[in-house]
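Below: the structure, in structure tokens.
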Amino acid sequence: MSDTLADGPSAKRAIGSATLSRAVVLEALKSAFLKLDPRQLTGNPVILATEVVAALATVSAVVAIATGQPAGFPIQMALWLWATVLFANLAESVAEGRGKAAADSLRASRVTTKAKLIIDPVAGTWIPTPAHKLGVGEIVLVEAGDVIPSDGEIIEGVASVNEAAITGESAPVIRESGGDRSAVTGGTTVVSDWLKVRITSEAGSTFLDRMIAMVEGADRRKTPNELALAVLLAGLTLVFLVAVVTLVGLGAYSGVKLDPMILGALFVTLIPTTIGGLLSAVGIAGMDRLLKVNVLATSGRAVEAAGDIDTLLLDKTGTITFGNRMAAEVVPAPGVRPEVALRAAMMASLADETPEGRSIVELAREQGLTAQTPEGATFIAFSAVTRQSGLDAGKSSWRKGAVDAVLKTLNLRPDDAPAEFRQAVDRIARSGGTPLACSENGALVGVIHLKDVVKPGVKERFADLRRMGVRTVMITGDNPVTAAAIASEAGVDDFLAEATPEDKLRMIRAEQAKGRLVAMCGDGANDAPALAQADVGVAMQTGAQAAREAGNMVDLDSDPTKVLNIVEVGKQLLITRGALTTFSIANDVAKYFAIIPALFVASLPALGAMNIMRLHSPQSAILSAVIFNALVIVALIPLALRGVKYRAIGASKLLSRNLSIYGLGGLVAPFIGIKLIDLVVAGFGWA
Amino acid sequence: MDWRGWAEIVFTIGLTLALSWPLGAYLKRVWTGEPTWLDPALGPVQRGTLALLGVKPGTSQGWLAYTVSVLAFSAVGFAFLYAILRLQGLLPFNPQGFGGLSPHLAFNTAVSFVTNTNWQSYVPEATVSTFSQMAGLTVQNFVSAAAGLAIAAAVARAFAADRAEGLGNFWVDVVRIVLYVLLPVSLVGALVLVALDVPQSLAAGTPVTTVEGAQQTLALFPVASQEIIKQFGANGGGIFNANSAHPFENPNAWTNLIQIVAMNVLGLAAVFAFGRMVIATREARALAAVMVILLGAAAGGLYAAETLTPQPAMQAAHVAVGPSMEGKEVRFGPASTAVFAAATTGASDGAVNGMHGSFTPLGGGIALFMIQLGEILPGGVGSGLYGMIVMALLAVFVAGLMVGRTPEYLGKKVEAREIKFAMLAVLILPIVILGFSAVAAVLPVALKGLLNSGPHGLSEILYAYSSAAGNNGSAFAGLTANAPWWNTTLGIAMLLGRFAYIVPVLAIAGSIAAKPKLAPTAGTLSSAGPMFTGLLIGIILILGGLQFFPALALGPIVEHFQVLAAAR
């Protein structure tokens, strides 16, 4: 069983794949210093408190220098406290920097050339207009080689469009007026033919603009869970403030003289600086991980909700089964011998490189037929107009295609086709398969049965989802009998057969009424209401504009199985936060054992017994704890960016695993770390 | 240390647990208003009382209305009690002819009994008349306990609800709990105690001739009736200064066992009632397990500390060293005293059968730490349950994130609002305990009340404020608290510890009640079973330890190491 739910990021270029280049790191360092401005830290009380203590330590270092007292210790303390703040800022900057790099590459695809604004729809005359001056509702002409100036809806024409700028996929896709493939995105390029496009987005709010804003994290608001965690961290900070400040009185009673800077250091080491410093980086990195799998979320809230999904609605086609169906049999027309029909089907598919075509040839081979493409044969490609394909060789010709289209070519009305043929077509359709008519030299020879085949591995993935607590529901237009057969083969928990878009919406509402969070993906304009209703609605980039507007995520690869990755990223986000929080709190135990004896041992020698780490001196103990506290942030930046790995092993196993790593580890690690740092500090005579 | 001591600890806690299960089943019926076999007798009384109060049964209050009712009820209770204590000299049933209490002592005492703390800054048998005892303090012993159980009922309803507005009716809850739970048990319990030689008398005292032939008057009170509700309601305020170490309050091993069981049984029963009401018996069992495990650990720790800690003075005097008997009644011995001390500090009871201040530093430290953990082990009646739920919410929040879902507890999502109020509640104890202690530790007027100096003196201060803020009420004998500073600040600490905690808890309840009740899935973190129990124990210990460790280091911990050093 694989650890991850879905396949890793695709091999092709992904938007979020900008790595930690030197430029990114330099930029991040610069911005880490800029973030020292306290106004920038108001949203992060833990780090703000650290900065206040760092400033106080600096003052006491300066005072020590000015009055000629030994200043080595206060200077080191001040430096490490500042380093703590800087490291926290650095974590956030690095996370942001990766997004910025991705945004820059997107910005390069914005249109700088002039658009062809149609001023007379009848004559088709146009004038060149800058793209940013286009208004909603205006119509532009886009011809081969032109960049589409803004988001829009095709009102006329069919063209192949290269959408690599958005999706990273270099193979062009077909865009045509009407139906669900009529949306085009600003920044993509028409490769062949031409389109008339009605603009649907104002300049500045196009898909590309929003994508850039999202990637840059320009509009980053705290998500609900982040807010709750921030409250917890602020509360803990207050608790420790009380514990440390009251030590002034309690210590005075006990005859202990406490250096304010040392108290400040104790406070900083106790407050959850680790998670406080990494919290926003974790959130940004979560968005980034989504981008890496080529999914664009419109808000962090949606990413977080993805981790909470209880019910997942999946379209059968393309998600559970291959969108491309496989040949299962060839039913001969009356009076045609089976091998003749099979051979004709094979000949019609010889040059057809689609999976369906190949599966037909494969079927014929399995039944003992062999054939070579005849000399001088010409391939008749499938087109949206003819809806059939085939092969011409000399006087012979073979065709296969949609039943009505082939019959029409043969000048047969559907009712004129032989009864046995019609029955076979009906039977195939009823079982959930797709019938293709096949002809040879202008005569009907049979019907090919294309069948849905469940993708290998989906069953395991659904089992993983079940272990995560996600219920899967298959949505299909098939009749209940077919749907049930496929549902049980694929191992989904439930199915909705003969589903209309309204059924989807109703189902989502019913699930939500039970308090469940629902995710679905869709691409059609009629999916829009359901996408909007779902807690996580993933629209396909190839889908209709309405769908893309309604969902809160867009999958740039238009791959419905991506939902699994999305759920995983959402869970990873929460797990990473929880793990770092646990680690941060568990760390405090060791810090007490380092600092408390150091604070009091001069006045109360008996407390020396608590120095179980046998640290060199009170000063080295305190300095080591502060250094450990700063370094642990840096050490955990990679984990914050990468995220804690999610494993579909069920909640309790996952908890015991993460508790033992981050809870127990968090208890033990600082004992070792502080001791090692103390050896270094003492060895070099720093304190 | 011997096996009989350990057996006694296990038996006492085991008996408490065994009795709390059926009592929890009964308490749930009282909370929900289901029929009980006491209905024929108590039904009319309940209806009459509610009619008298002008409460329409069946009306449910929102969290704010419920909170206002709790506060109003307590405020009226305080006003009455304060008046009684001040005017005691003019009121009847005052055979000893005691005068009224000073304003600060009356304030402290009234707050103390209204908040279910029962801290006593005075020597009761020489200060409080029989009337004040019966009409004032004992009434609060009943109703302050009932208020705690009522709030617990409201919290239970919140978790059981699915998108509900109301939390139930406070007045109905209080009346039913007093009538159906506290009064019947107290009636039976008092008779049992009388049978076991606990006095019950309205006489001023009885003259006796001592062994030396001197004449002495032994103070007498209706002790038995007071004693049972003192323990059953986790009140802890004794009739005598020596509390349950006094032979009239706690004459023998049987009464001692009854008292220990009584002080924890209702607190644990509330947990089981909660489980039944929310239909989460396994989850409730986990909460009870946390309480019992930590309670047992504290009792064991105390027993070990009292028997194993070296006694340098005894060694120096070349006296055979047995268990430390300082501060303990010979008729109870170290094991009975240890389990009593753990139980009284784990519950917010505060009765004592030994003097905590005379324990070994570690033993006294354990008692102190038990209070500082928030009085949830098992805590006061009802208040222990809702305190534990606050901790469970925090545990679930941190751990729940680690399984990759928005955390939920008992089918309710734990979000920013709940965490905010939970943190507010959690902040109360450290602010009050450490804040007041830090000031008192340097304030000459406060330090005058201390018997000891050095770390033990600091322990006295910490214990006093912990006991007040935790609404425990036991004392680290040594502090003379009947002075304006102590009476006033301890009174404030008790008020904050009770009401500044209740308000956020009820706010959480209101927010929880309004949420949809979610069915668990395979991805939901289970809040039952050993792992959750261990997690909750860890969170309680770490959170409590982190808050109070520095202060404890200067008190009991350093004192312990000093003893060890001296013994070497």
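So that the names make sense, note that chain A is the first sequence line, chain B the second, and so on, each numbered from 1.
- For the options B:Met423, B:Met402, B:Met531, heavy-atom pairs under 4.5 Å to chain A are most numerous at B:Met402.
- Between B:Tyr409 and B:Phe532, the angle of the ring planes stays under 30°, which puts this pair in the parallel group of the 30/60° scheme.
- Heavy atoms closer than 4.5 Å to chain A are found nowhere in B:Ala565, neither backbone nor side chain.
- Most heavy-atom pairs under 4.5 Å with chain B: of the set A:Leu227, A:Val644, A:Ile596, this distinction falls to A:Ile596.
- Scanning residues 657-665 of chain A against chain B with a 4.5 Å heavy-atom cutoff picks out A:Asn658, A:Leu659, ordered by number.
- When atom types are taken as modelled, the side chain of B:Lys413 and the backbone of B:Lys515 share no donor-acceptor pair closer than 3.5 angstrom.
- A:Leu270 does not touch chain B: none of its heavy atoms, backbone or side chain, sits under 4.5 Å away.
- Using a distance-only test at 3.5 Å, with no hydrogens or angles considered, a donor-acceptor pair links the side chain of A:Arg467 to the main chain of A:Ala648.
- Contacts between A:Leu229 and chain B at a heavy-atom distance below 4.5 Å involve backbone atoms as well as side-chain atoms.
- Atoms CD1 and CD1, on B:Ile371 and B:Ile433 in that order, are 8.0 Å from each other to the nearest 0.5 Å.
- By number of non-hydrogen pairs under 4.5 angstrom with chain B, the leading residue of A:Val231, A:Thr576, A:Val256, A:Leu250 is A:Leu250.
- Only the side chain of A:Leu247 has a heavy atom closer than 4.5 Å to any heavy atom of chain B.
- Of the possible donor and acceptor atoms, none in the side chain of B:Lys517 sits under 3.5 Å from a partner among the backbone N and O of B:Ala161.
- Judged by distance alone, the side chain of B:Ser459 and the main-chain N or O of B:Pro455 form a donor-acceptor pair under 3.5 Å.
- In summary, the side chains of A:Thr274 and A:Asn587 do not present any donor paired with an acceptor at a separation below 3.5 Å, with no hydrogens or angles considered.
- For B:Gln547, the parts lying near chain A are the backbone and the side chain together; criterion is any non-hydrogen pair under 4.5 Å.
- With a 4.5 angstrom heavy-atom cutoff, B:Arg163 touches chain A only via side-chain atoms.
- Using modelled atom types, one finds a donor on one side chain and an acceptor on the other under 3.5 Å when comparing A:Asp308 with B:Thr406.
- Ranked by heavy-atom pairs under 4.5 Å with chain A, the list B:Ile539, B:Leu427, B:Val442 is led by B:Leu427.
- The candidate with the highest count of non-hydrogen atom pairs below 4.5 Å against chain A, out of B:Leu546, B:Leu525, B:Val439, is B:Leu546.
- For the pair A:Thr582/A:Ile275, no side-chain contact is recorded, criterion being any heavy-atom separation below 4.5 Å from C-beta on.
- Looking only at heavy-atom pairs under 4.5 Å with chain A, the residue among B:Ile419, B:Leu554, B:Leu394, B:Val398 that has the most is B:Leu554.
- The part of B:Pro407 that comes within reach of chain A is its side chain, from C-beta onward, which places non-hydrogen atoms under 4.5 angstrom from that chain.
- Without hydrogens or angle criteria, B:His456 side chain to B:Gly357 main chain gives a donor-acceptor distance under 3.5 Å.
- Neither the backbone nor the side chain of B:Leu443 comes within less than 4.5 Å of any heavy atom of chain A.
- Pairs passing the ring pair (Phe, Tyr, Trp, His ring centres under 6.0 Å) check and including a residue from residues 418-438 of chain B, sequence neighbours excluded, read B:Phe436-B:Tyr465.
- For B:Ile431, the parts lying under 4.5 angstrom from a heavy atom of chain A are both the backbone and the side chain.
- Judged by distance alone, the side chain of A:Lys222 and the main-chain N or O of A:Ala230 form no donor-acceptor pair under 3.5 Å.
- Only the backbone of A:Ala513 comes within contact range of chain B, with at least one heavy atom under 4.5 Å from a heavy atom of that chain.
- Ranked by non-hydrogen atom pairs under 4.5 Å with chain B, the options A:Leu667, A:Leu266, A:Asp310 are led by A:Asp310.
- To the nearest 0.5 Å, atoms CD (B:Glu460) and CG (B:Leu368) are separated by 11.5 Å.
- In this structure, no portion of B:Ile428 lies under 4.5 Å from any heavy atom of chain A.
- Neither the backbone nor the side chain of B:Phe548 comes within contact range of chain A, judged by heavy atoms closer than 4.5 Å.
- Here the side chain of B:Glu283 pairs no donor or acceptor atom with the backbone of B:Leu410 at under 3.5 angstrom.
- Highest contact tally toward chain A, considering only B:Gly400, B:Gly454, B:Ala399, B:Pro430, is held by B:Gly454 [criterion: heavy-atom pairs under 4.5 Å].
- Neither the backbone nor the side chain of B:Leu564 comes within less than 4.5 Å of any heavy atom in chain A.
- No side-chain heavy atom of A:Ser603 sits less than 4.5 Å from a side-chain heavy atom of A:Lys257.
- Within the 4.5 Å cutoff, the side chain of B:Phe476 has no heavy atoms near those of the B:Leu451 side chain.
- Note on A:Val242, A:Ile585, A:Leu607: by heavy-atom pairs under 4.5 Å with chain B, the leading option is A:Leu607.
- A:Ser652 touches chain B through backbone and side chain together, each having a heavy atom under 4.5 Å away.
- Atom CG of A:Leu278 sits about 9.0 Å away from atom OG1 of A:Thr273, to the nearest 0.5 Å.
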